[in-house]
Novice: 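Take a look at the following structure, please.
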Amino acid sequence: MLNRERNHDGRPGVKHDRDRDTVRKILHSLPFSLTQAQQKAWADISGDMEDARPMHRLLQGDVGSGKTVIAALALAKTAENGFQGCIMAPTGILAQQHLETLTEFFKDTGITINILTSNTKTSERREILQKLEDGSLQVLVGTHALLQEDVMFAHLALVVTDEQHRFGVNQRAALVNKSEYAPDVLIMTATPIPRTLALTVYGDVETTVMRGMPPGRKAVETLCYTGDMRQKVYAGMVRQIRAGRQVYVVCASIEESEAMEGIRSVNDVYEELKRTWLKDIPCGLLHGKMKPAEKDAVMEEFAEDKLKCLVTTTVIEVGVNVPNATLMIVENADRFGLAQLHQLRGRVGRGDKQSYCVLLTDNREPDNLARLTVLHNSNDGFELAHQDLELRGAGQLFGLRQHGLPDLRLADILRDTDVLLAARRDAQHVLARQDLRQEMLRGAENLFDGHFSGIFNS
């Protein structure tokens, strides 16, 4: 709460009208009915946007729960009120997918939409920036390219960030500051953050959780095998490809190293499969050390079904939507957290065909096999995230230590849940009273010295 106040610079918020023709038209033209969870999420967000105070809401939805349609309704609402909205995604391929999905939702509404990434041609970019500045472009989809100084909006009133933890604090602030208003902010994530962690990390943000899947989605069947079944698993992979499907093979590391003995690197697995099982089958290699343009090109080929198998690291764990991919094989699955494996698993099962996730491990320890079996028994990301939190700790949830979620410096999120929630309530009470607020700030600065300011920079 205090952090939000410190970042609020006096700009007025935007009070949107109640849903009008454009939003209603999109709702009526959807080829499906919103689930109860989606209806509740839209009621929360629409209500926030109709308040003069800026919205700060975190929308958590498990993989495949249908968050994008909620973002589409919010962007349509701001457009029909005469304002502009943008949605920032962490990768070019995800931004392109958002563009295609939103364009379909906005069909016949008159809403103007475009995309801006590092791959946008100079002449096209110039035209986009001109329309953005004169207000004729209502919705802009993009990547980090949205943050560049010459990207200026006429009337930006809604900022949507997808998988916010993939962006740094300053990057997120730079986008919000591109407006004459204090814009509404909607954060979307498929990372199922347990409630207490969400309250602790996003303490100044209201949270909406969407559970469940839209009708027609089949649960991914998850199987766990030890390494002696590897050849049979890869034989099954070939059968899936021959049947017209596509496959992901996910590895825990890019290159072989002594520090990770026994780990099958993505480079080694790719070379091995090309020599053997995939000898006559087009396959691609994808990992984090490749240049962004190279990664986008490989993903595009896979999305267009030119590649039948993608041998990759966890770079595909967020936002890759290839409905024809029905099998994922995870090498050295014991090296991943439960929640991260669930996130990876969400890359398959996105069409109407039965999909499978096969976890391969050479670690035969009973505890490890029992841990992986949990994924066989559950498709609930929130339940898995809680178990992961118990096993691995908050800093390792989804491997987010590298992605901008701060460590908890003063508490253990599981052991001290009740204390954390009580502290949050007390802090809200103290900040509501000016005399107590000043006393608290002085005490905190004396007690924590320079570390106190670090809390706000994490």
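Because the structure is a prediction, the values reported are computed rather than measured. Both backbone and side-chain heavy atoms feed into the values below; hydrogens, waters and symmetry mates do not.
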Novice: Testing the basics here: between Phe105 and Ile26, what is the closest heavy-atom pair and its distance to 0.1 Å?
Specialist: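 Smallest interatomic distance, heavy atoms only, reads O-CG1, 3.6 Å.
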
Novice: Is it true that Asp367 and Arg371 make a salt bridge, defined as a side-chain N closer than 4.0 Å to a carboxylate O?
Specialist: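 No.
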
Novice: Taking only residues two or more places apart in sequence, or in another chain, which ones meet Glu271 in a side-chain contact (heavy atoms from CB on, under 4.5 Å)?
Specialist: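 Result, side-chain contact (heavy atoms from CB on, under 4.5 Å) vs Glu271: Lys274, Arg275.
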
Novice: Please examine the side chains of Leu137 and Ile128, heavy atoms only from C-beta on, and report whether any two atoms are closer than 4.5 Å.
Specialist: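 Yes; the side chains approach each other to less than 4.5 Å.
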
Novice: Mind listing the closest non-hydrogen atom pair of Ala325 and Ser355 along with its distance?
Specialist: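 Nearest heavy atoms, Ala325 then Ser355: O-OG, 4.0 Å.
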
Novice: Just so I know, are the side chains of His16 and Met55 near enough to count as touching, which here means a heavy-atom distance under 4.5 Å?
Specialist: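 No, their side chains stay 4.5 Å or more apart.
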
Novice: Provide the full list of salt bridge (Lys or Arg N to Asp or Glu O under 4.0 Å) pairs with a residue in residues 98-107, sequence neighbours left out, each pair given once.
Specialist: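 Applying salt bridge (Lys or Arg N to Asp or Glu O under 4.0 Å) to every pair that reaches into residues 98-107, excluding sequence neighbours, yields Glu104-Lys107.
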
Novice: Measure the shortest side-chain to side-chain distance between Asp362 and Asn332 over non-hydrogen atoms and say whether it is less than 4.5 angstrom.
Specialist: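 Contact flag for Asp362/Asn332 side chains = yes.
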
Novice: Please determine whether side-chain contact (heavy atoms from CB on, under 4.5 Å) holds for the pair Ile241 and Val238, giving the CA-CA distance in whole Å, both sets of side-chain angles, and the decisive distance to 0.1 Å.
Specialist: CA-CA 5 Å; Ile241 292 171; Val238 174; 5.6 Å; no

Novice: Using the side chain to side chain contact (heavy atoms under 4.5 Å, CB included) definition, which of the options Thr222, Leu360, Leu341 pairs with Val330?
Specialist: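 So the option named by the test is Leu341.
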
Novice: Looking only at the side chains, is there a donor atom on one of Asp108 and Ser29 sitting less than 3.5 Å from an acceptor on the other?
Specialist: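 On atom types as modelled, these side chains do not qualify, holding no pair under 3.5 Å.
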
Novice: Please check: side-chain N/O of Asn114 versus main-chain N/O of Leu140, any donor-acceptor pairing under 3.5 Å?
Specialist: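 Answer holds: no.
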
Novice: Which pairs pass side-chain hydrogen bond (donor to acceptor under 3.5 Å, both in side chains) with one or both residues in residues 281-302, sequence neighbours excluded?
Specialist: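 Output for this query lists Asn119-Asp296.
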
Novice: Are the side chain of Gln38 and the backbone of Gly66 linked by a donor-acceptor contact shorter than 3.5 Å?
Specialist: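 Yes; at least one donor-acceptor contact below 3.5 Å.
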
Novice: Mind checking whether Thr103 and Leu99 have side chains closer than 4.5 Å, heavy atoms only?
Specialist: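 Answer yes - side chains close enough.
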
Novice: Taking side chain as C-beta onward, heavy atoms only, is Leu327 less than 4.5 Å from Val348?
Specialist: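 Side chain of Leu327 against side chain of Val348, heavy atoms only: no contact under 4.5 Å found.
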
Novice: CG of Asp19 to OG of Ser46: how many Å apart, nearest 0.5 Å?
Specialist: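 One finds 4.0 Å between CG of Asp19 and OG of Ser46.
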
Novice: Backbone N or O of Leu75 within a donor-acceptor pair of the Thr78 side chain at under 3.5 Å?
Specialist: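 Absent.
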
Novice: With a 4.5 Å limit on heavy-atom distance, are the side chains of Trp42 and Val23 in contact?
Specialist: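 Sidechains of Val23 and Trp42: in contact.
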
Novice: Which residue pairs pass the ring pair (Phe, Tyr, Trp, His ring centres under 6.0 Å) test when at least one of the two sits in residues 354-381, sequence neighbours left out?
Specialist: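 Not a single pair qualifies under ring pair (Phe, Tyr, Trp, His ring centres under 6.0 Å).
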
Novice: State, to 0.1 Å, how close Leu372 and Asp334 come at their nearest heavy-atom pair, and which atoms those are.
Specialist: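 Here Leu372 and Asp334 meet closest at CD1-N, 4.3 Å.
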
Novice: Keeping the roles fixed (side chain from Glu221, backbone from Gln354), state whether a donor-acceptor pair exists under 3.5 Å.
Specialist: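 No.
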
Novice: Please report the shortest heavy-atom distance between Ala71 and Val160, naming the atom on each side.
Specialist: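 Residues Ala71 and Val160, closest heavy atoms: CB-CG1, 4.4 Å.
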
Novice: Do any N or O atoms from the side chain of Thr276 and from the backbone of Glu272 form a donor-acceptor pair under 3.5 angstrom?
Specialist: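 Yes; at least one donor-acceptor contact below 3.5 Å.
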
Novice: Restricting to non-hydrogen atoms, name the atom on Thr143 and the atom on Ser118 that form the minimum distance, rounded to 0.1 Å.
Specialist: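 So the minimum-distance heavy-atom pair works out to OG1-N, 4.2 Å.
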
Novice: Going by side chain to side chain donor-acceptor pair (under 3.5 Å), Thr208 matches just one of Arg57, Lys40, Lys67. Which one?
Specialist: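 Exactly one candidate clears the test, Arg57.
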
Novice: Indicate yes or no: at least one non-hydrogen side-chain atom of Ile329 is less than 4.5 angstrom from one of Tyr234.
Specialist: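 When only atoms from C-beta onward are counted, Tyr234 and Ile329 do touch, with a gap below 4.5 Å.
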
Novice: Rounded to the nearest 0.5 Å, what separation is found between the CG atom of Leu344 and the CE atom of Met328?
Specialist: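 Result: 5.0 Å between the selected atoms.
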
Novice: Please list, chain by chain and in numerical order, all residues satisfying side-chain contact (heavy atoms from CB on, under 4.5 Å) with Asp228, sequence neighbours excluded.
Specialist: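 Per chain and number, Asp228 pairs via side-chain contact (heavy atoms from CB on, under 4.5 Å) with Thr226, Arg364.
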
Novice: The criterion is side-chain contact (heavy atoms from CB on, under 4.5 Å); which residues satisfy it with Glu149, sequence neighbours excluded?
Specialist: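 Testing Glu149 for side-chain contact (heavy atoms from CB on, under 4.5 Å), a comparison that skips the adjacent residues, returns none.
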
Novice: If every non-hydrogen atom of Ala79 is compared with every non-hydrogen atom of Gln138, which pair is closest and at what distance?
Specialist: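 Closest approach of Ala79 to Gln138, heavy atoms only: O-NE2, 3.7 Å.
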
Novice: Starting at CG of Asp268, measure out to CD1 of Ile254 and round the result to the nearest 0.5 Å.
Specialist: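 If I round to the nearest 0.5 Å, the distance is 12.5 Å.
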
Novice: Is it the case that the side chain of Gln246 and the backbone of Leu307 share a donor-acceptor pair, with hydrogens and angles ignored and the cut-off at 3.5 Å?
Specialist: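 Yes; judged by distance alone, with no hydrogens or angles, the pair exists.
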
Novice: Step by step, work out the side-chain contact (heavy atoms from CB on, under 4.5 Å) result for Leu102 and Ile87.
Specialist: CA-CA 10 Å; Leu102 292 171; Ile87 177 167; 4.1 Å; yes

Novice: Is there a side-chain contact (heavy atoms from CB on, under 4.5 Å) between Met299 and Gln96? Walk through the geometry before answering.
Specialist: CA-CA 11 Å; Met299 268 313 309; Gln96 184 61 40; over 6 Å; no

Novice: Got a second to check how far Gln60's CD is from Thr207's OG1, nearest 0.5 Å?
Specialist: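 Between atom CD of Gln60 and atom OG1 of Thr207 there are 6.0 Å.
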
Novice: Quick check for you: to the nearest 0.5 Å, what is the distance between Lys308 atom NZ and Met237 atom CE?
Specialist: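 Those atoms lie 13.5 Å apart.
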
Novice: Stepwise, does the side-chain contact (heavy atoms from CB on, under 4.5 Å) test hold for His98 with Asp162?
Specialist: CA-CA 10 Å; His98 278 322; Asp162 197 3; 2.7 Å; yes

Novice: To the nearest 0.5 Å, tell me how far Leu156 CG sits from Asp184 CG.
Specialist: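 The CG atom of Asp184 is 10.0 Å from CG of Leu156, to the nearest 0.5 Å.
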
Novice: Hey, does Val311 have a side-chain heavy atom less than 4.5 Å from the side chain of Leu273?
Specialist: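 Yes, their side chains come closer than 4.5 Å.
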
Novice: Using 30° and 60° as the class boundaries, would you call the ring planes of Phe302 and Tyr248 parallel, tilted or perpendicular?
Specialist: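 Phe302 vs Tyr248 ring planes: tilted.
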
